[in-house]
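Remember, it's 1-based here, ligands and their atoms both numbered in the order they're listed.
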Amino acid sequence: MITLPFASHPVSWLTLAEWLWAAGVISWYVLRLPFEMKARRARIADARHRSARDYALLTISTLGLGILPAVFALTGWPRALTYPTSPLQVAAGALVFLAALWLFWRTHRDLGRNWSVTLEIKETHQLITYGVYRQVRHPMYSAFFLWAVAQALLLPNLLAGLSGLVGFGILFAFRVGREEQMMRDAFGAEYDAYMARTKRIIPGLY
Ligand code: SAH
């Protein structure tokens, strides 16, 4: 139990962690809004990869990063899979979420109008290779993985904590190859050269 300045009675570390998780998700949404409005105005040139398959992957990812953890934070379900947390674990979760949000913001700023929720090429699409895209080809996916790690640390529940890693992991595994193929179709040798000098999500490693 801890006493917070704004709470009338002491709250548990679990409750605090759940609020931090919610604050992280809301901040992500607010951060993304202005970029989403800007990107929506760009006309689409190639939507062949915006398939039912890609929407199914987005649903699985939303389930893992949003729905299951929200159900746990609101109802405590599935209670049998909850374990005791610690101040250190909560603090680590908050820090990792902050790192994820920072990287998110950087990727949106660098991608600008070229960003999209599903896989598509815009009419005025530019290949971005600067900023955080200089180090890795998929820094936004790195940010989503950081978010999933933060969720695992903040929510001490084997289902709600780990569902983000599994849900986003499935999206990543089934999407990244297709996305790179789509980019190679659109940018040819330029993307091949970009692939040759960068990693996917972890600088220097993978
Ligand atoms: N995979 C990237 C981008 C995610 S948004 C990341 O993790 O940072 C998905 C859209 O971004 C795709 O539809 C694709 O058109 C676009 N995209 C991906 N890499 C890009 C790049 N280097 N430059 C411009 N657009 C890119």
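- Which parts of ligand 1 touch Gln126 is read off a 4.0 Å heavy-atom cut-off, strictly below it: atoms 23 (N), 24 (C).
- Classification of Glu180 and Arg200 as a salt-bridged pair holds, one side-chain N sitting under 4.0 Å from a carboxylate O.
- Judged by distance alone, the side chain of Arg50 and the main-chain N or O of Asp46 form no donor-acceptor pair under 3.5 Å.
- Counting the atoms of ligand 1 from 1 in the order shown, those under 4.0 Å from a heavy atom of Leu119 are 13 (O).
- For ligand 1, one of its N or O atoms has an N or O atom of Tyr141 under 3.5 Å away.
- Proximity to Met182 (heavy-atom distance under 4.0 Å) selects the following atoms of ligand 1: 12 (C), 13 (O), 14 (C), 15 (O).
- Arg134 CZ: 12 or fewer foreign heavy atoms inside a 6.0 Å radius.
- The line from CG of Leu146 to CZ of Phe97 is 10.0 Å long, rounded to the nearest 0.5 Å.
- Sparse packing is recorded around CG of Leu88, with 12 or fewer heavy atoms of other residues, nucleotides or ligands lying under 6.0 Å away.
- Near Leu127, meaning under 4.0 Å from one of its heavy atoms, ligand 1 places the atoms 21 (C), 22 (N), 23 (N).
- Distances below 4.0 Å separate heavy atoms of Trp115 from the following atoms of ligand 1: 5 (S).
- Of all atoms in ligand 1, listed by their number and element, those nearer than 4.0 Å to a heavy atom of Met140 are 6 (C), 7 (O), 8 (O).
- In this structure, Tyr194 and Tyr191 have perpendicular ring planes: the angle between them is above 60°, well past the 30° mark.
- Given atom 11 (O) of ligand 1, the protein heavy atom at minimum distance is Asn114 O, 3.8 Å.
- Looking only at protein heavy atoms, the nearest one to atom 15 (O) of ligand 1 is Glu120 O, 2.7 Å.
- The shortest N/O to N/O separation between Ile128 and ligand 1 falls below 3.5 Å.
- Under a 4.0 Å N-O distance rule, the pair Arg40/Glu36 qualifies as a salt bridge.
- Close contacts between ligand 1 and Thr118 involve ligand atoms 13 (O) [criterion: under 4.0 Å to a heavy atom].
- Looking at Met183 against ligand 1, only its side chain comes within 4.0 Å, counting heavy atoms.
- When each atom of ligand 1 is checked for a heavy atom of His125 under 4.0 Å away, the hits are 15 (O), 24 (C), 25 (N), 26 (C).
- Asp54 pairs with exactly one of Arg175, Arg178, Arg48 by the salt bridge (charged side-chain N to carboxylate O under 4.0 Å, His left out) rule, that one being Arg175.
- Both Met182 and Tyr55 belong to a single network of hydrophobic side chains, linked directly or stepwise wherever heavy atoms of I, L, V, M, F, W or Y lie under 4.5 Å apart.
- Looking at Ser116, Ser142, Ala186 and measuring to atom 9 (C) of ligand 1, the nearest heavy atom belongs to Ser116.
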Legend entry - Step-by-step ring pair (Phe, Tyr, Trp, His ring centres under 6.0 Å) determination, Trp77 to Phe72: CA-CA 5 Å; Trp77 183 86; Phe72 171 71; 9.3 Å; no

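- Nearest residue to atom 3 (C) of ligand 1 from Glu179, His138, Glu180 is Glu179 (criterion: closest heavy atom).
- Counting only heavy atoms of the protein, atom 8 (O) of ligand 1 lies nearest to Tyr133 OH, 2.6 Å.
- Lys122 does not count as a contact of ligand 1, since none of its heavy atoms falls under 4.0 Å from the ligand.
- Ring geometry for Phe144 against Phe168 counts as parallel: the plane angle stays under 30°, on a 0 to 90° scale with 60° as the upper cut.
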